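A quick write-up on the structure given underneath.
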Amino acid sequence: QEAMATLAARSVGRALPGARVSLNEAVRAYSSSGRPRWGVAGVGMISNDFSLALKYSGSQIVACAARDATRAQKFANDFGMERSYDSYEALAQDPQVDVVYVGTIHTQHHRIASMLLEAGKHVLCEKPMGMNEREVTELTELAKKRGVFFMEGMWTRCFPVARKCQALLQSGELGSPKAVHADFGFVAPDDPSHRLWDVKSGGGGLLDIGCYVVGWATFAFGRALPEVKAVGTLSSSGADVRGALALGYPEGYASVGYTLEAPTPEVTTILCSKGYIVVDGPAHAPIRARVVAEKSRGETETTVLGEALPVYPTGADFCNGRSPIFPHSEGFVYEVQEVEKCLAEGLLESPVFTHQDSLAIVRITDQVRQQLGVTYEADTK
């Protein structure tokens with residue numbers, strides 16, 4: 001256990017120069033000179049959950065923006081923000097905002113994130129940061145050009161359990177990864193106008209939840225592009241309802257699937273040459289994993305990795321009685337901490353989930369969409 005803790009610490013700081021700094025130490029150091037001032041682009045359900053994490057973390061959350069001025073003002077009032085705007089352009093021009101969380105629908109991410117980066121803001125963009133590889137590449141290159149921090153909100157990687165699993169894989173204690181099995185599914189609303197069924201809004205299961213199971217493949221095997229084989233079904237609107245993916249790597253394979261038609265256990269299993277890891281559901285927001293190490297033929301040793309979620313206050317005094325909407329979204333606290341840690345250390349991307357990690361996933365999802373026949377407006381530009 002002690003060795004595993006050391007490995008986890010190394011994993012968190014592996015790309016940082018000089019002395020290792022713990023997450024909490026880095027946040028405290030930033031706090032001494034004033035923590036970053038957050039803005040929120042979009043005031044929907046995911047922004048609700050992320051803003052709760054900001055408030056719980058004691059972060060400075062000062063402004064929000066939405067297309068509807070009334071909704072923006074209500075959101076600002078509930079979260080104690082000083083300002084609200086009825087345009088994202090106004091938020092980008094606010095000189096008292098340092099970093100912005102983008103929580104709008106998928107198809108708006110590229111435009112809004114580009115605007116914010118051009119304005120010199122640090123940006124945490126909800127996944128998927130772009131609709132395709134071109135958009136992701138444009139955003140990462142723009143962030144580097146402007147010299148600002150930019151990260152895709154693949155929050156799974158920020159959970160302590162995921163970090164411990166990553167450190168364990170990197171240690172070689174379980175040998176080398178050989179296979180990944182992962183699933184993610186839920187029953188989408190039976191409403192043809194819902195964004196999940198609207199291709200113009202980036203609808204479909206792959207970019208919404210399929211990216212998580214693809215992310216577990218890159219988590220285990222790295223960023224190299226695998227051989228991709230996909231089968232699935234499209235709705236009458238052209239959105240992907242479900243998909244089964246086989247990803248072939250030189251050292252192994254990933255067999256992953258997603259669906260908008262049924263709830264799934266959402267368990268991820270990473271098979272290695274000397275044992276395996278079972279990440280219990282919901283694996284996209286993991287709080288428990290079992291590590292099974294093979295000691296000899298037929299003899300194994302199991303270690304449980306766990307980390308309880310933060311517990312938010314309840315009642316009207318905390319964000320006017322607002323509460324989390326999505327399961328385990330208290331885990332956004334870990335993502336807030338990671339971003340503020342990176343800003344405290346002057347990093348332009350997170351070592352936990354880098355720009356190249358974002359590109360590795362979108363290159364796979366682009367091939368999957370091509371094979372399934374899913375086309376978005378962004379693909380025609």
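Side-chain atoms are counted along with the backbone in the values below, which use heavy atoms only and exclude waters and symmetry mates. Nothing here was measured: the structure is a model prediction, and the numbers come from that model.
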| With a 3.5 Å cut-off and no angle check, do the side chains of Thr354 and Arg223 form a donor-acceptor pair? | yes
| Closest approach of Glu266 to Pro282 (non-hydrogen atoms, all atoms of both residues) | OE1-CB, 3.1 Å
| How long is the gap from CG on Asp357 to CD on Glu152, to the nearest 0.5 Å? | 9.5 Å
| remark: CD (Gln356) and OG (Ser358) are apart, to the nearest 0.5 Å, by 9.0 Å
| query | Are a donor atom and an acceptor atom from the side chains of Asp240 and Tyr258 found within less than 3.5 Å of each other? | reply | yes
| query | Using a distance-only test with no angle check, is there a side-chain donor-acceptor pair under 3.5 angstrom linking Gln73 and Asn77? | reply | yes
| query | Taking all atoms of both residues into account, what is the closest heavy-atom pair of Leu142 and Ser114, and its distance? | reply | CD2-O, 3.7 Å
| message | Can you tell me how the ring of Tyr253 sits relative to the ring of His181, calling it parallel under 30°, perpendicular over 60° and tilted otherwise? | response | tilted
| message | Quick one about Ser59 and Glu340 (side-chain donor to acceptor, distance below 3.5 Å, no hydrogens or angles considered), yes or no? | response | yes
| query | Which of these, Thr269, Thr303, Thr302, Asp280, sits in a side chain to side chain donor-acceptor pair (under 3.5 Å) with Arg290? | reply | Asp280
| said: For Ala143 versus Phe150, what's the shortest heavy-atom pair and its separation? | reply: CB-CB, 3.5 Å
| request: Could you tell me the separation between the CG atom of Leu343 and the CD atom of Glu338, rounded to the nearest 0.5 Å? | output: 10.0 Å
